[in-house]
Amino acid sequence: MSTLYLDSRVNDDERRRRLYAGHLFVFSPRPSTTALCDFARELIEEAFHPLDPQHAQDHLPVERFVEIVAPLKPRFIHHPRTKELLLDLLRDLGSDMEKTYFDVPRMRVATSGGYLNAGVAYVLHPHRDIWYSSPLCQLNWWLPVYDFESESAFSFHLRYWDQPVRNSSGQYNHYEWNRVGRKSSAMQVKTDTRVQPKPLDELELEPEIRVVCPPGGLILFSGAHLHSTVPNTSGRSRFSIDFRTAHLDELATLGGAPNLDRECTGTTLFELRRASDLAPVPEEVIRLYDPNPPEDREGLVFKPPAEVAAVPAAK
Ligand SMILES: [Fe+2]
C-alpha cells in the first residue's frame, strides 16, 4: 500500500521515513518551486526561439533539435542561478541544510510520438534509480516545466515496491558510466547504446500510477521505486527538471529504502554536495559505500564545461 500525500506539512524527518516506506509526496506549485521552473523555462525558450519549445519538434529535423537541447541541458544544470533556486527550494520544503546533500538538477525532454528516443531524450524503461549506484536513501524530486498530460507523464509500478525484480544492475559500474556514457549522449540520436541496468524478465507494469501536476508542482519519491517514462503520445514535448538528495543520518547508517535487488558497483556519492556549504560527502561515509574508491576522482564529479559556465543568463 502506498499513500500519496498532497501538500503535507509533516517535518523532513517524518517525510523521509514515509518516503523510505514507499509513500509519495506531491506539492502544489509554490514560490520556490515555480521560481526554479520559471528559470528553466526562460533558458528553454531562449534556446528554441522563435519556436514554441513544446512544438518545436514539429518544425525541426531531429538532428537540429538535438543541437539545441545538447547545450541547453548543461547550461541549466550548471548555471549558478539554478543552484541558488534549488537551495531556496530545499530550504522552503523544510530540509535540514546541514545534513542534506544534493546533486545538480537535470533537465529532461520527452518528445512526442517517438521523434527522439535516444541520447539527450532517452526514454527510460522501468528502473529503480538505486540500480544506478545511488544510495538506498536517495530521494528524487521531479518538477514539470510546462503543463503536461498523463500521456507524457512517468509511471510508478507500485507492485514492485516490495517485490524484487531480476535485473542487470550487476553489469553497471557508476565510474565507467560517468567516463563513457555521459560524454557520448549528445551523439546518440536514433538509438542509445549506453549500457543501462534493466529488468531481465517481463514485468507486470499494472497497476501503475501516474501523477499529473501543474508546472512548478513537485513529485517527491524514493529512488527505490520502480518507475518508467510513459511513451509520450500527448502531441507535444514534455520538459521537466529533477534532482536527487540524500540525508546524512541515513547515509552514515546505510539507511533508507529496503534493498531488494540491486547489484551495481561504484557510488554516486562523489557527485553530492552539502546544501549549507557545498562540502562533499565525508570520505568515511563514501567508504561505507565503496571501501576502495578510485584515487582519480576527476571523471566522477559532473563538472561544467568551461564554455557553459561562462555564458551569462538571459533575462
Ligand atoms: Fe529514474
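Below, each value reflects all heavy atoms present in this structure, side chains not excepted, and no hydrogens, waters or symmetry copies. Whatever order the structure lists ligands and atoms in, that order sets their numbers, starting from 1.
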Chemist: Indicate the atoms forming the closest heavy-atom contact of P105 with F243, along with that distance.
Modeler: CA-CB, 3.6 Å
Chemist: Just by distance, with hydrogens left out, do D290 and Y175 show a side-chain donor and acceptor under 3.5 Å apart?
Modeler: yes
Chemist: Do the side-chain N and O atoms of S155 and E208 include a donor-acceptor pair separated by under 3.5 angstrom?
Modeler: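 Indeed, the side chains of S155 and E208 share at least one donor-acceptor pair under 3.5 Å.
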Chemist: Ignoring water, what protein N, O or S atoms are under 2.8 Å from the Fe ion (ligand 1)?
Modeler: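 Near the Fe ion (ligand 1), below 2.8 Å, one finds H127 NE2, D129 OD1, H227 NE2.
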Chemist: Counting the benzene-type ring for Trp, do F48 and F65 have ring centres under 6.0 Å apart?
Modeler: yes
Chemist: Please list, chain by chain and in numerical order, all residues satisfying salt bridge (charged side-chain N to carboxylate O under 4.0 Å, His left out) with D162, sequence neighbours excluded.
Modeler: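 In terms of salt bridge (charged side-chain N to carboxylate O under 4.0 Å, His left out), with neighbours along the sequence ignored, D162 is linked to no residue.
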Chemist: Quick one: closest heavy-atom pair of L269 and L251, and the distance?
Modeler: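 Of all heavy-atom pairs spanning L269 and L251, the closest is CD2-CD2, 3.7 Å.
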